[in-house]
Amino acid sequence: MSRFISEPKTAAIVGCSFSGGQPKLGVDKGPIHLVEAGLIDQLAGLGWKVKFDGHNQFEDIKVLDDPPIGILKNPRLVSRVNESVAQVVEAHVRNKELPITLGGDHSLAIGTISGTLSVHPNACVIWIDAHADINTAESTDSGNIHGMPVSFLLGLGSKIPEFSWVKPLLKAERLVYIGLRDVDVGEKRILRENNIKAFSMHDVDKYGIGRVVEMALDHVNPKRDLPIHLSFDVDALDPSVAPSTGTPVRGGLTFREGHYICEAVCETGLLVALDLVEVNPSLADDASVEQTVAVGCSLVRSALGETLL
Ligand SMILES: NC(=[NH2+])NCCC[C@H](N)C(=O)O
Ligand SMILES: [Mn+2]
Ligand SMILES: [Mn+2]
């Protein structure tokens, strides 16, 4: 599977019932639905030993008084939960286990990627999303921190003392996006100024997903020797494929394109950490929820080797 995972290959489900990075309730229930849909048994069926520490791992983290900082919402809570997520992910990666973080909203990537990079400073990040999530405190219009995690990891924008534990460990040249189609004006400037490689849906149409993944890997991992952190926001998929998510954007990845990305990353043998975020089971009807949860499980299975013959 991955040269950074020891035998017997072990996956650790990190269930993050967290919604503080955005305003819609329900995204905190994502992990419960994914686990109840049978994810653990499915991964065991692929030959993985699966650890799971339960859904309440981060739930006793409470912040009593959390007024906005500028317009950033729930800043102290987002910071404290992520600090704890970072420690958990770091411990698994250090142990040569594969952490699979189930969100929860995408602000959680502040923690997961910090955890990965503290063990593997040279790891690259492949970010699959309709959005760039690279707003800074200055550029954000929404104040929702799930639209900002990448800027924290890169150390862009004004420093917020409450997030001082986040080290700017990610380098712009070790980051690549696939699936973008809803990027704020300020984010486009940030991407340009920092020379960050991004493959939008336009590129997926133009080159096909096979070439896009190849080019993305050539950019962040030219010798195919660096550890990979895959951060997958389900809203990268078309809303017809994954309807139950907080910020759907039409014109997204097909079912196969999404799975192809996971398979191709698995095939490198370099995966060290995986995030699957923004599944919100309280949005849309029951059939849509079931569909979205099933797709989430199958993306994880593909990243862990299911669809490779
Ligand atoms: N992880 C996500 N779904 N992010 C959506 C971000 C939307 C918008 N760019 C914002 O900053 O608020
Ligand atoms: Mn996202
Ligand atoms: Mn998104």
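Along the sequence shown, the residues carry numbers beginning at 1. All ligand and atom numbering here is 1-based and tracks the order in the structure.
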Looking at atom 7 (C) of ligand 1, what's its closest protein heavy atom, distance included?
H131 CD2, 4.0 Å
Distance-only, no hydrogens or angles: does the D238 side chain make a donor-acceptor pair with backbone N or O of S240 under 3.5 Å?
yes
Need the ligand 1 atom indices (1-based, order shown) with element for anything under 4.0 Å from a heavy-atom of E278.
1 (N), 2 (C), 3 (N)
Please check if atom CD in E290 has more than 12 non-hydrogen atoms from other residues, nucleotides or ligands closer than 6.0 Å.
no
Write out the residue and atom name of the closest protein heavy atom to atom 8 (C) of ligand 1, then the distance separating them to 0.1 Å.
D184 OD2, 3.7 Å
Side chain, backbone, both or neither: H146 near ligand 1, heavy atoms under 4.0 Å:
both
Under 4.5 Å between side-chain heavy atoms, counting indirect links through other Ile/Leu/Val/Met/Phe/Trp/Tyr residues: same cluster for W48 and L102 or not?
yes
Please, which pairs that meet salt bridge (Lys or Arg N to Asp or Glu O under 4.0 Å) have at least one residue in residues 66-76, sequence neighbours excluded?
D66-R76
Between E7 and K96, does any NZ, NE, NH1 or NH2 come within less than 4.0 Å of an OD or OE carboxylate oxygen?
no
Identify, by atom number and element, the atoms of ligand 1 in contact range of D235, meaning under 4.0 Å from any of its heavy atoms.
3 (N)
Which of the ligand 1 atoms, numbered from 1, are nearer than 4.0 Å to a heavy atom of D233
1 (N), 2 (C), 3 (N)
Which pair of non-hydrogen atoms, one from H106 and one from P149, has the smallest distance, and what is that distance?
O-CG, 3.5 Å
Can you report which non-hydrogen protein atom sits closest to atom 11 (O) of ligand 1, along with the distance?
N135 ND2, 3.0 Å
As a quick check of understanding, evaluate side-chain hydrogen bond (donor to acceptor under 3.5 Å, both in side chains) for T10 and H92, giving each step before the final call.
CA-CA 9 Å; T10 302; H92 289 303; over 6 Å; no
E187 near ligand 1, heavy-atom distance under 4.0 Å?
yes
Per-atom filter on ligand 1: closer than 4.0 angstrom to a heavy atom of S142 are 10 (C), 11 (O), 12 (O)
On a heavy-atom basis, I'd like to know which of T247, N280, D105, L108 is closest to atom 3 (N) of ligand 1.
T247
Take E83 and K167 through the salt bridge (Lys or Arg N to Asp or Glu O under 4.0 Å) test and state the conclusion after the steps.
CA-CA 11 Å; E83 190 173 13; K167 301 285 169 296; over 6 Å; no
Before giving the answer on side-chain hydrogen bond (donor to acceptor under 3.5 Å, both in side chains), spell out for H229 and D275 the whole-Å C-alpha distance, their side-chain angles and the decisive distance to 0.1 Å.
CA-CA 8 Å; H229 183 119; D275 310 328; 2.9 Å; yes
In Å, rounded to the nearest 0.5 Å, how long is the span from SG of C16 to CG of D105?
9.5 Å
Can you tell me which residue and heavy atom of the protein come closest to atom 4 (N) of ligand 1, and the distance to 0.1 Å?
D133 OD1, 2.9 Å
Plane angle bin for Y177 and W127 - parallel if under 30°, tilted between 30 and 60°, otherwise perpendicular:
perpendicular
Can L226 be reached from I178 by stepping across I, L, V, M, F, W or Y side chains whose heavy atoms are under 4.5 Å apart?
no
Where does D182 meet ligand 1, judged by heavy-atom distances below 4.0 Å: at the side chain, the backbone, both, or neither?
neither
Tally, protein N/O/S atoms nearer to the Mn ion (ligand 3) than 2.8 Å
5
